[in-house]
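As the structure is a computational prediction, the values presented were derived from the model and not from experiment.
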Amino acid sequence: MKTYSPKQGEVAREWFVVDAQDKILGRLATQIATRLRGKHKPEYAPHMDIGDFVVVVNAEKIKVTGAKLGQKKYYSHSGYVGGIHEISLKDLLATKPEEVIRKAVRGMLPKNRIGRAMLKKLKIYAGGEHPHGAQSPKQLDI
């Protein structure tokens, strides 16, 4: 019996819309990462990008548990001496709510070129509208 390995041309990608209103950040991110990676498909292969496209709306209305809103910090470094930057979850939600979900999902994907390709299939919008109606995305209940 030969092991089946999918070809890149045989991959059928679908589009899904996720409403993030009143969803917990981490639980939402795990479901999105699973869809982007393609682990829900029977033909899943870890060395290939066979996941679906995911559109997230209402990113500004996500919830977190506990005291994470004031205590969770995101760090970035410019590469220069003393160039570390820190921003809290509350401030990041106020300025760029899309980045909160993007950073959560990015940490759950592979850290290589396949992971970067998977992250490009994630479309996040702060409000309730999105421009991907032509792809006729399906509603994904999480």
Side-chain angles (χ1 to χ4, degrees), residues 3-142:
T3 302
Y4 172 74
S5 182
K7 312 277 187 296
Q8 196 63 35
E10 298 173 355
V11 176
R13 299 187 197 282
E14 296 183 57
W15 284 75
F16 292 99
V17 173
V18 176
D19 189 6
Q21 184 170 357
D22 298 327
K23 300 284 194 298
I24 306 297
L25 174 63
R27 296 173 189 187
L28 176 70
T30 56
Q31 295 293 321
I32 292 171
T34 302
R35 287 283 168 176
L36 289 174
R37 191 125 192 244
K39 291 186 101 171
H40 64 288
K41 295 182 178 182
E43 62 269 8
Y44 169 72
H47 66 283
M48 289 183 63
D49 179 17
I50 62 168
D52 298 324
F53 288 86
V54 178
V55 178
V56 181
V57 294
N58 292 323
E60 61 193 5
K61 298 177 183 174
I62 62 166
K63 303 286 184 209
V64 289
T65 58
K68 292 186 192 83
L69 201 58
Q71 291 179 355
K72 185 169 179 59
K73 307 283 187 205
Y74 292 97
Y75 297 97
S76 62
H77 200 282
S78 66
Y80 290 98
V81 177
I84 194 161
H85 301 282
E86 171 186 301
I87 187 167
S88 68
L89 175 61
K90 184 177 182 180
D91 295 338
L92 194 59
L93 269 175
T95 57
K96 294 189 257 182
E98 303 93 2
E99 284 302 308
V100 174
I101 296 178
R102 190 178 322 279
K103 286 175 183 282
V105 172
R106 183 178 171 220
M108 299 177 186
L109 292 177
K111 278 58 170 184
N112 53 27
R113 70 180 77 171
I114 295 176
R116 290 187 292 275
M118 291 172 186
L119 196 61
K120 287 180 184 175
K121 295 184 305 193
L122 176 64
K123 316 293 182 192
I124 306 172
Y125 300 97
E129 299 295 319
H130 64 85
H132 303 288
Q135 283 76 23
S136 60
K138 300 175 187 172
Q139 188 69 28
L140 183 64
D141 294 325
I142 295 178

Q: Side-chain contact, heavy-atom cut-off 4.5 Å: Ile62 with Leu93?
A: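 Yes, their side chains come closer than 4.5 Å.
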Q: Within a 6.0 Å radius of atom CZ on Arg13, are there more than 12 heavy atoms belonging to other residues, nucleotides or ligands?
A: yes
Q: Name the orientation class of the two ring planes belonging to Phe16 and His40 (parallel below 30°, tilted from 30 to 60°, perpendicular beyond 60°).
A: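 Phe16 vs His40 ring planes: perpendicular.
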Q: Is there a side-chain contact between Tyr74 and Lys103, using heavy atoms and a 4.5 Å cut-off?
A: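 Answer yes - side chains close enough.
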Q: Taking NZ in Lys41 as the centre, count heavy atoms belonging to other residues, nucleotides or ligands within less than 6.0 Å. Is the count above 12?
A: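 Yes - once you tally the heavy atoms of other residues, nucleotides and ligands closer than 6.0 Å, there are more than 12.
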Q: Between Tyr125 and Lys123, is there a cation-pi geometry (under 6.0 Å to ring centre, at most 45° from the normal)?
A: no
Q: State, with a plain yes or no, whether a side-chain heavy atom of Asp49 is found less than 4.5 Å away from one of Val11.
A: no
Q: When you compare the side chain of Leu140 with that of Val54, does any pair of heavy atoms fall below 4.5 Å?
A: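 No, every pair of side-chain atoms sits at 4.5 Å or beyond.
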Q: Answer yes or no: does atom CZ of Arg102 have more than 12 heavy-atom neighbours from other residues, nucleotides or ligands under 6.0 Å?
A: yes
Q: Measure the spacing between CG of Asp141 and CD of Gln139 and express it to the nearest 0.5 Å.
A: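 The CD atom of Gln139 is 6.0 Å from CG of Asp141, to the nearest 0.5 Å.
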Q: Surrounding NZ of Lys111 (heavy atoms of other residues, nucleotides or ligands, distance under 6.0 Å), is the total greater than 12?
A: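 Check passes, neighbour count above 12.
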Q: Do Val64 and Lys72 have side-chain heavy atoms sitting under 4.5 Å apart?
A: no
